[in-house]
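To start, the structure itself, in structure tokens.
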Protein chains: 2
Amino acid sequence: MNNGRFAIALHILVLLTKNQGELLSSEYIAGSININAAMVRKALQGLKQKGFVQSKEGKHGGVSLAKNPQDIILSQIYSSIRETAILGSKQQPNPNCLVGKQINTHLDTLYRDAEKALVEALGKQTLLEFAQKFK
Amino acid sequence: MNNGRFAIALHILVLLTKNQGELLSSEYIAGSININAAMVRKALQGLKQKGFVQSKEGKHGGVSLAKNPQDIILSQIYSSIRETAILGSKQQPNPNCLVGKQINTHLDTLYRDAEKALVEALGKQTLLEFAQKFK
DNA sequence: TTGAACTGTAATATTTTTTGATACAGAATG
DNA sequence: CATTCTGTATCAAAAAATATTACAGTTCAA
């Protein structure tokens, strides 16, 4: 997770929450985050797939929220961008060693439990609550 | 955290726990993890600094635990390798935008809380308990 | 007292991941 | 039918992670 995708996704969703009813262009969003518009559109792909946002093509098109922000919890946003284990990559250890042979199994359960705790913490806040901090 | 440092550190410490009293060489450890010995020695630097391991130079030298494995909790190991926010990097957003101006502050507190939950989960297990799973 | 087996550390190369940039087809609008 | 968008692909650049090599210094033991 050494990438900014969670921050970007959340930034986008906060902008949309703060501008409900309007269509925001990827160019505008990119200007707020200070990244490239193509990156924004890429991030939007995922958010769209997960049903958080909807978009309209063509002139005067743009993006808007597809759900009420009180029905989106931050852990869902995290899950939508999650790709790899949060505690990092594992190795391909020596199968002829007692520890090497088993470590990845034990790391898996450890990582699962730890990440579950993180997700639960994120689950305590809705997008609306998070967005309301901005004033 | 898209790196394998936590897995490597834990692997090393489990090996040392399973071989208390002995001195393990970085070459031997590297063979179990299946990485380069210089990488192991680099990982050991940190573990040594944090007081988890001690080493002996020269012929017949090697590394051993510096504490009882029941006195090391997994969250301490995590903290010792931790460098960046676990939920990923942030952006440098537009300060002229209401959301852009404040997002990093709010992300900071969110990240802190989420990571705290993860650390607490890791804190529930000692190195000894983890190592005892290997048999 | 010398060679072998280690650690400690630095320097450098390679690979992988992340980010950025550009381009363009296709949709909607007026 | 020109304009302004999204959607998507491709390529370039930068940054991060990992691997490799080298060697000085320490310790041991013959």
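Below, chains carry the letters A, B, ... as their sequence lines are ordered, and counting in each starts from 1.
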Side chain of B:Asn94, backbone of A:Ile33: donor and acceptor closer than 3.5 Å? no
Name every residue in residues 26-37 of chain A that has at least one heavy atom under 4.0 Å from any atom of DNA chain C, in order of residue number, or write none if there are no such residues. A:Ile35, A:Asn36
Which atom pairs, one a donor and one an acceptor, fall under 3.5 Å between side chains of residues 116-126 of chain A and the rest of the protein, sequence neighbours left out?
residue  : atom : partner  : partner atom : Å
A:Gln125 : OE1  : A:Lys133 : NZ           : 3.2
A:Thr126 : OG1  : A:Leu128 : N            : 3.4
A:Thr126 : OG1  : A:Glu129 : N            : 3.0

What side-chain donor-acceptor pairs closer than 3.5 Å can you find for residues 62-77 of chain A, not counting sequence neighbours?
residue : atom : partner : partner atom : Å
A:Ser64 : OG   : A:Gln54 : NE2          : 3.3
A:Gln76 : OE1  : A:Ile73 : N            : 3.1

Return the value, rounded to whole Å, for the distance between atom CG of A:Leu16 and atom C1' of D:dT6. 14 Å
Testing the basics here: between A:Ala85 and A:Tyr111, what is the closest heavy-atom pair and its distance to 0.1 Å? CB-CD2, 3.8 Å
Give me each pair satisfying side chain to side chain donor-acceptor pair (under 3.5 Å) with a member in residues 38-47 of chain B, each pair once, sequence neighbours excluded. B:Ser26-B:Arg41
Going from CG on A:Leu44 to CG on A:Leu13, what distance comes out if it is rounded to the nearest 0.5 angstrom? 8.5 Å
Where at least one partner belongs to residues 6-17 of chain B, residue pairs that pass side chain to side chain donor-acceptor pair (under 3.5 Å), sequence neighbours excluded: B:His11-B:Ser32
Answer yes or no: is there a side-chain heavy-atom contact under 4.5 Å between B:Ile35 and A:Gln91? yes
Just the atom pairs and distances: protein N or O near nucleotides 2-4 of chain D's N or O, under 3.5 Å.
residue : atom : partner : partner atom : Å
D:dT4   : O2   : A:Lys59 : N            : 3.0

For the helix from C:dT1-D:dA30 to C:dG30-D:dC1, measure the angle between the helix axis at one end and the axis at the other, each built from five pairs, rounding to 10°. 10°
Can you check the B:Met39 CE to C:dT9 P distance for me, whole Å? 16 Å
side-chain contact (heavy atoms from CB on, under 4.5 Å) partners for B:Lys50, two or more places apart: B:Phe52, B:Ser80
Send over the distance from B:Ile81 CD1 to D:dA17 P, rounded to a whole Å. 11 Å
note: A:Ile8, atom CD1; C:dT19, atom P; distance rounded to Å ~ 6 Å
With sequence neighbours excluded, tell me which residues meet side-chain hydrogen bond (donor to acceptor under 3.5 Å, both in side chains) with A:Arg82. A:Glu115
Any pair with a residue in residues 112-135 of chain A that passes ring pair (Phe, Tyr, Trp, His ring centres under 6.0 Å), sequence neighbours left out, goes on the list, sorted by first then second residue, please. A:Phe130-A:Phe134, A:Phe134-B:His106
Gap separating the CG atom of B:Leu107 from the CG atom of B:Leu87, nearest 0.5 angstrom: 9.0 Å
Give the B/S/- string for nucleotides 7-16 of chain D, one per nucleotide from 5' to 3', where a protein heavy atom under 4.0 Å of the base yields B, of only the sugar-phosphate yields S, and otherwise -. BB--------
What residues, two or more places apart in sequence or in another chain, satisfy side-chain contact (heavy atoms from CB on, under 4.5 Å) together with B:Tyr28? B:Leu24, B:Ser25
